[in-house]
Amino acid sequence: MMQQYIEPQFLTALEKLGVEYCSAIQFSVPRQGSHGHLATNIAMMLAKGLGKQPRAFAEELLAALPSSDLVQHVEIAGPGFINITFTDAVYHQMLRDLHGMADDIGRSQVGRGKTVNVEYVSANPTGPLHAGHGRNCAVGDTVANLFAWNGYQVTREYYFNNAGNQMNKLGESIYARVQHRIGNPDYPFPEDGYHGEYIHTIADIVAEVHASEIGQMTEDEACTVCRKHGERWCFEAIKKTLGSLNIQHDVYFNEDSLYGDGKVASTVEELRSKGLVYEKDGATWFALTQLGNQQDKVIVKSTGEATYRLPDMAYHRDKLQRGYDVVVDIFGADHIATVPDVLAGVRALGFDTDRVRVVIHQMVTFVENGEVVKFSKRNGKSFTLDELRDEVGADVVRFFFIMRAVGTHLEFDLGLAKEEGDKNPVFYLQYAHARVCSILRKAQERGVALNADADLSCLVHPKEIELISLLSRMKANVERSCENLEPHTIAEYLRDLAGAYHNFYHDCRILGAEEPLESARLLLADVTRRAMRNGLLLLGVGTPERM
RNA sequence: GCGCCCAUAGCUCAGUUGGAUAGAGCAGCAGCCUUCUAAGCUGCGGGCCGCAGGUUCGAAUCCUGCUGGGCGCGCCA
C-alpha cells in the first residue's frame, strides 16, 4: 500500500533519465528502522546494465526524482540502496483509506472473475478421521478461504471412493462383529480388517436394524448391507467432525461415477490413441517413460479393475473440463509419487497442467512432554481427530495445523496446545482481538463515539506509526499467501499485528487522551479490530469479543 | 539403489522470492499493574544458518557434490 505513493515518482525519474525499465520496481520494508520506511534496490539492479556504479546511478536517480510533500527525505545507503522516509501524513492517509474499506480490510480482488476448485480431506469412508488428517483439513480449508478472500469463486470438493477392496474390508469387518454379536464368537475376522471401536458401534446398528433378516442372508448380501451401513455411518462421522472444525464442502465427488459415465474408459482410449497405452502380462500399462517419467505403471489390472491412478487422471481431466481457472489438490507427503504421473497423463490428454496447483504437506508428529504420542489414550488405537479436538479445542486444531510452512514436518505439541494461557499462540491472537473489543465497548459506555472524520494528524507516536504500517500491509500479505499457497504466512502476520497492537496499547493511552488524540486512537483501534477479526475468520478460528 | 521434502538459538519454527547488523515464541534470568483486559509489555543471555565448493556488487535464500532425518518407489488407495 505504501509504495503506491512513491512508485510513480520513480518511474518518472527513470523516464527523465532515459532508462527503460518495464517490470515493477521492488520496494521492501527494511528490517531496521534507521533504513527508513521503504527501500528500493533499483539502482543496484540497473547500474550494471548501464555500466555505472550503483551509488553514482542512485545519485542521478534522486536528482531526477520529483519532490513530494509525502516524502520527508531520501538517502543512499550501503552498496546503493535508496531509503525513503515518509512524512507521517502518508500513514494518516493510509489509516483513513483502511477505515474506508470497512469490513474489507485484507481483502483483495486479484481473483475476481476467476474460479478455483480446492480438493481436500478426501478420506474414504472406511472410518472416522484420525488426528493426522487434521493437517489436510486445516490447510485445505484455509487455502480455500485464501482464494475466497482474493476474490475467486471457490468450490470446495471432497473426492471419495465407496467401492473396491478397502470398502469390502469394511463390510467384512462389520459383518464379522455382527456374527460375534449374534452368537457366533468363532466367526473369523478378516485379515487386514478394520479393528477400531467404531466397527463394533456399526455392528450394533446393523444387528439391531436387521435383527430378523441378517441370519437369512448369504454372506455376500450381508456384507453388502454391512458395507452400506458402514459407509453411511463413517460419512456422517466425518462430516460431523469437519463441521465442528468449521469445514463444509460444496461437492462430494464419487470416484465410482467416473466409471458409470464412461470417463474412465474414455481416458484409457484417448491415451491409447496417442500410443501411450499397451498390454503386458494381462494388464494394461500407461507408458509414462515416454512422457519422461521414471517408470511405466499399470492402470488396469489383469482382473479388469483399474488402479487408482486411472480414475485419478479421469477425475483431474473432469475438473479441468468443468472449466476452473485453477484446480488445487491438497495431498499428504505419502501421495507424492502419484502427482507427476497424474499430471503427465492429464497433460498427454491435452490439458494445460499449469492450471493445476498441488500442495503437498509433510507429515505430523504429536508430542507431549517431549515424547511422541502415537496412540489414543482412550482406546489405545488410532488417535481420532474428534479426540484431538475435544482435548485442545477446534480453534487450536485449525491454527496449529496451519501455523507452520506446509513443506516442513510439523510437530504438534499437545502440551502447548492444551495450555489455555499466554503460551498458546492462538490465545495471543484472540486476546488481542478481545482486548480491542473491550476498549471499544468501554468507549461506547462512556459515550465516546467512533468518529470517521477524526483528525488523524496527531498520530505521531512510533507505536502508532508501526501499527498503521502493519495494517497497510495486510492485503499484500493475503495476496502473496494465496499466490504461493502458504497459509502459515497469515498466522505469522497476525502474530506481528497482535504484537504491534499490544505495543500500541501499552504505550498509548486511548480513553481519556486529549482530543483529537482520543478519537484518532479509537479509530486506529477499530481498524485493528476489523483487520484482526478478518484474519481470524480467514484462518477459520473464533473471534471472541471477551476473554 | 531411485524420486520428492527437510536441516537456522537449548526446544519448536519464521526469514518479505538474492539485500544492509539473521528474527519470533517457548525454556532461563531481571523488571513493569491504585488509570482502557498482566491471556499484556520491557530488558538480558543464547548462532560456523548441517558440511564443502560454485554463481555475483551481495547467499540462510540460487547451482553442484556430500552428511544426516522424513515420505514414497505395488496388478494397494
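Protein chains get the first letters and strands the later ones, always in sequence-line order, with residue 1 at the start of each.
- Base engagement by A/Ala77 is indicated by at least one non-hydrogen atom pair under 4.0 Å involving a base atom.
- Nucleotides B/A27 and B/G45, compared at atom C1', are 13 Å apart to the nearest Å.
- Residue-level contact check: A/Arg446 touches neither bases nor backbone, having no heavy atom under 4.0 Å from any strand.
- Comparing atom distances between the A/His502 side chain and each of B/C41, B/C13, B/C57 picks out B/C41 as nearest.
- Nucleic acid contact class of A/Asn41 (heavy atoms, under 4.0 Å, all strands): base.
- Just one residue in the list A/Val300, A/Leu258, A/Ile299 forms a side chain to side chain contact (heavy atoms under 4.5 Å, CB included) with A/Val264, and that residue is A/Leu258.
- Inspection of the A/His37 and A/Ser469 side chains reveals no N or O donor paired with an N or O acceptor under 3.5 Å.
- Among residues two or more places apart in sequence or in another chain, the side chain to side chain donor-acceptor pair (under 3.5 Å) test is passed with A/Glu486 by none.
- Backbone-only contact: A/Gln295 has heavy atoms under 4.0 Å from sugar-phosphate atoms and none from a base.
- Taking the nucleotide of RNA chain B with the nearest heavy atom to each of A/Tyr505 and A/Thr40, the more 5' of the two is matched to A/Thr40.
- The aromatic rings of A/Tyr278 and A/Trp285 sit parallel, their planes meeting at an angle under 30°, below the 60° perpendicular limit.
- A/Ser438 comes within 4.0 angstrom of a base, heavy atoms only.
- Helical stems in RNA chain B, defined as runs of 3 or more consecutive Watson-Crick or G-U wobble pairs with both donor-acceptor distances under 3.5 Å, are listed by first residue as B:1-5 with B:69-73, B:10-13 with B:23-26, B:28-32 with B:40-44, B:50-54 with B:62-66.
- In this structure, the side chains of A/Val527 and A/Ile468 stay at 4.5 Å or more apart for every pair of heavy atoms.
- Screening A/Val356, A/Asp312, A/Val359 for a side chain to side chain contact (heavy atoms under 4.5 Å, CB included) with A/Asp329, the sole residue that qualifies is A/Val356.
- Counting only N and O atoms by type, the side chains of A/Asn162 and A/Asp256 include no donor and acceptor under 3.5 Å apart.
- Side-chain N/O atoms of A/Asn83 include none lying less than 4.0 angstrom from OP1 or OP2 on B/A20.
- Among the protein residues, A/Arg495 comes within range of the sugar-phosphate backbone only, with heavy atoms under 4.0 Å from sugar or phosphate atoms but none that close to a base.
- Within the nucleic acid shown, A/Asn124 comes within 4.0 Å of sugar-phosphate atoms alone, with no base atom in reach, counting heavy atoms only.
- Heavy atoms of A/Thr408 sit under 4.0 angstrom from primed sugar atoms or phosphate atoms, though from no base atom.
- The residue A/Ala283 sits close to a base: some heavy atom pair falls under 4.0 Å.
- Across the interface with RNA chain B, nearest-nucleotide mapping of A/Gln362 and A/Gln32 shows A/Gln362 to be the residue nearer the 5′ end.
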